[in-house]
Number of protein chains: 2
Amino acid sequence: MSPRPRFALDLTTILEAAGELANQQGMQEVTLANLAKRLNIRPPSLYNHFDGLPGLRKHLAIYGLNKLYEEMTQAAIGVSGTEAILSISRAYVNFARNYPGIYEATLMAPNPEDADVQQAGSKIVGLSVRLLQAYPLEGDMALHAVRGLRSILHGFSSLEQRGGFKMALDLDESLEIIIKAFIDGIRKGK
Amino acid sequence: MSPRPRFALDLTTILEAAGELANQQGMQEVTLANLAKRLNIRPPSLYNHFDGLPGLRKHLAIYGLNKLYEEMTQAAIGVSGTEAILSISRAYVNFARNYPGIYEATLMAPNPEDADVQQAGSKIVGLSVRLLQAYPLEGDMALHAVRGLRSILHGFSSLEQRGGFKMALDLDESLEIIIKAFIDGIRKGK
DNA sequence: CCCTAAAACTAATATCGTTAGTTTTATATT
DNA sequence: AATATAAAACTAACGATATTAGTTTTAGGG
């Protein structure tokens with residue numbers, strides 16, 4: 001009755017719809033059925049754009065990583081040193097707060113080892129590496145520092161999202177103190 | 001044909017089977033169908049022991065949190081100060097390495113705000129708080145420090161599990177450096 | 001102008017979680 | 001010891017989901 005409509009969907013439109021769905025209802029609700037409903041098409045039509053649910057998850061993970069990278073990049077403009085690290089850290093946790101479903105999608109790629117997913121993630125790592133080069137760190141210290149920074153940011157965001165921080169204590173203040181302490185400690189450890 | 005068998009299952013047995021399933025195949029494979037298959041019963045029979053899939057996830061989360069708490073407690077015996085923090089940190093990441101599915105289950109409770117789940121988690125927080133009291137931290141610093149420690153441990157384990165650390169750099173060394181740096185920084189920040 | 005291929009569709013299947021109702025037997029009560 | 005109750009398994013059925021196969025229409029390139 002209505003095959004090949006005049007205006008076909010494109011992948012970006014689909015991913016945006018999936019992102020909204022994820023933010024509003026959580027990743028467990030982004031099913032092919034729900035997504036198709038939102039786009040006013042039938043579930044099998046989605047297979048024209050990606051390879052089933054795993055395919056959607058992969059695309060959405062990359063889509064999210066790229067958005068996150070953009071926001072962190074913006075936050076890194078015009079700042080340096082500890083101020084820069086703090087700035088991208090705030091951008092990271094704010095991204096997870098403002099787009100909880102997309103952030104969740106970032107971690108739900110069917111195969112995290114996938115080359116495309118790794119590449120999207122490596123841009124974020126690269127940004128951190130560059131900013132950490134403001135300090136003179138010797139040997140492998142910079143690499144350990146990146147691992148630490150990523151651990152803090154992901155752990156903090158993930159725990160905050162799951163309601164893990166019950167204490168009546170300002171979250172932004174916690175983040176600032178944690179990051180500053182970590183950077184301080186890393187620098188002192190050379 | 002075979003209702004009420006002579007030896008009925010008990011919840012602990014079921015959770016152990018579910019835990020093995022999770023460790024071997026990941027949490028997305030611990031379905032009522034797969035679990036029933038492993039226990040040689042039919043899926044509906046599981047409803048005699050917990051309230052559907054959400055009920056199983058909640059029980060498994062608590063089961064995992066308790067196991068994790070036990071291992072951390074063992075690691076805290078006979079040590080103090082930074083050595084104690086390092087010891088429970090190693091216990092934490094080793095738990096996630098040795099029981100990846102159970103660690104995953106720890107984060108998949110249907111409602112993380114659930115009182116029983118919160119209680120199981122709070123024991124771990126309490127242990128960290130006690131060990132951090134070895135340092136003289138003023139004001140809310142101890143609370144911020146606990147948040148930071150938890151963020152590091154969860155973030156590090158989660159990223160390691162998802163293959164997030166590609167670099168050819170010893171993971172245990174990273175953890176030790178990260179924790180030491182953080183504790184150092186926290187102490188210096190008073 | 002036509003022809004191919006993209007992008008929608010319908011129909012059908014397997015799997016899963018879940019509910020309802022049944023059956024057997026262990027255990028507690030009398 | 002006899003009986004009643006309830007726990008714990010079962011079968012059967014339903015709705016939702018992802019997925020595959022095959023069909024139809026039409027946009028756009030040759």
Side-chain angles (χ1 to χ4, degrees), chain A residues 1-22 24-61 63 101 104-105 108-111 114, chain B residues 1-22 24-63 101 104-105 107-111 114:
Chain A
M1 280 308 181
S2 63
R4 185 84 188 201
R6 288 184 285 282
F7 299 111
L9 290 171
D10 78 317
L11 186 55
T12 312
T13 306
I14 295 178
L15 291 179
E16 280 167 2
E20 291 174 16
L21 196 51
Q24 291 166 8
Q25 319 208 30
M27 268 301 284
Q28 81 287 347
E29 288 303 316
V30 17
T31 65
L32 296 188
N34 281 338
L35 181 56
K37 204 167 294 175
R38 178 174 289 236
L39 293 168
N40 287 316
I41 59 175
R42 309 300 146 216
S45 305
L46 292 168
Y47 285 77
N48 289 312
H49 300 278
F50 46 76
D51 193 11
L53 193 55
L56 173 61
R57 294 218 175 103
K58 172 181 163 174
H59 280 293
L60 205 52
Y63 169 80
E104 202 185 346
M108 286 192 69
N111 175 23
D114 179 279
Chain B
M1 282 308 184
S2 62
R4 186 85 188 196
R6 290 184 284 283
F7 298 111
L9 291 171
D10 78 319
L11 186 55
T12 312
T13 306
I14 295 178
L15 291 180
E16 281 169 1
E20 290 174 16
L21 197 50
Q24 291 167 8
Q25 320 208 29
M27 268 301 284
Q28 80 288 348
E29 288 303 317
V30 16
T31 66
L32 296 188
N34 281 339
L35 180 57
K37 203 168 294 176
R38 177 175 288 237
L39 293 168
N40 288 314
I41 60 176
R42 309 300 146 215
S45 305
L46 292 169
Y47 285 77
N48 289 313
H49 300 278
F50 46 76
D51 193 10
L53 193 55
L56 173 61
R57 293 217 175 104
K58 171 179 163 175
H59 280 294
L60 204 52
I62 296 172
Y63 170 78
E104 202 184 346
L107 311 159
M108 287 194 68
N111 174 23
D114 179 279

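In what follows, every chain begins at residue 1, and chains take the letters A, B, ... in the order their sequences are listed. When reading the values below, keep in mind they use all heavy atoms of this one structure, side chains included, and skip hydrogens, waters and symmetry mates.
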Heavy-atom neighbours of Asn48(A) CG exceed 12 at 6.0 Å: yes
Calculate the interatomic distance between Leu46(A) atom CG and dT10(C) atom P; express it in whole Å. 14 Å
Rounding to an integer number of Å, can you tell me how far Asn34(B) CG sits from dA14(C) P? 18 Å
What nucleotide among dA8(C), dC16(C), dT19(D) has an atom nearest to a side-chain atom of Thr31(B)? dC16(C)
Taking the side chain as C-beta and beyond, is there a heavy-atom pair between Leu60(B) and Met27(B) under 4.5 Å? yes
Within less than 4.0 Å of OP1 or OP2 of dA8(C), is there a side-chain N or O belonging to Arg42(A)? no
Give a yes/no on whether any side-chain N or O of Ser45(B) is located under 4.0 angstrom from OP1 or OP2 of dC10(D). yes
In the structure I gave you, are the side-chain heavy atoms of Leu15(B) and Leu56(B) within less than 4.5 Å of one another anywhere? yes
I need the Ser45(B) OG to Leu35(B) CG distance, nearest 0.5 Å. 11.0 Å
Whole-Å distance separating the CG atom of Asn40(B) from the C1' atom of dC10(D): 14 Å
Atom-pair distance (CG on Leu9(A); C1' on dA27(D)), nearest Å: 15 Å
To the nearest angstrom, how far is Asp10(B) atom CG from dA7(D) atom P? 16 Å
So, Asp10(A) versus Thr13(A): side-chain donor-acceptor pair below 3.5 Å or not? yes
Hey, does Phe50(B) have a side-chain heavy atom less than 4.5 Å from the side chain of Lys58(B)? no
Quickly work out the Tyr47(A) OH to dT19(D) C1' distance and round it to whole Å. 4 Å
Residues from residues 48-58 of chain B sitting under 4.0 Å of DNA chain D, heavy atoms only? Asn48(B), His49(B)
So, taking the atom named CG in Leu39(B) and the one named CG in Leu46(B), what distance separates them when rounded to the nearest 0.5 Å? 6.5 Å
Rounded distance (Å) that lies between atom P of dC16(C) and atom CE of Met27(B): 15 Å
Between P on dT19(C) and CG on Leu32(B), what's the gap in Å once rounded to a whole number? 11 Å
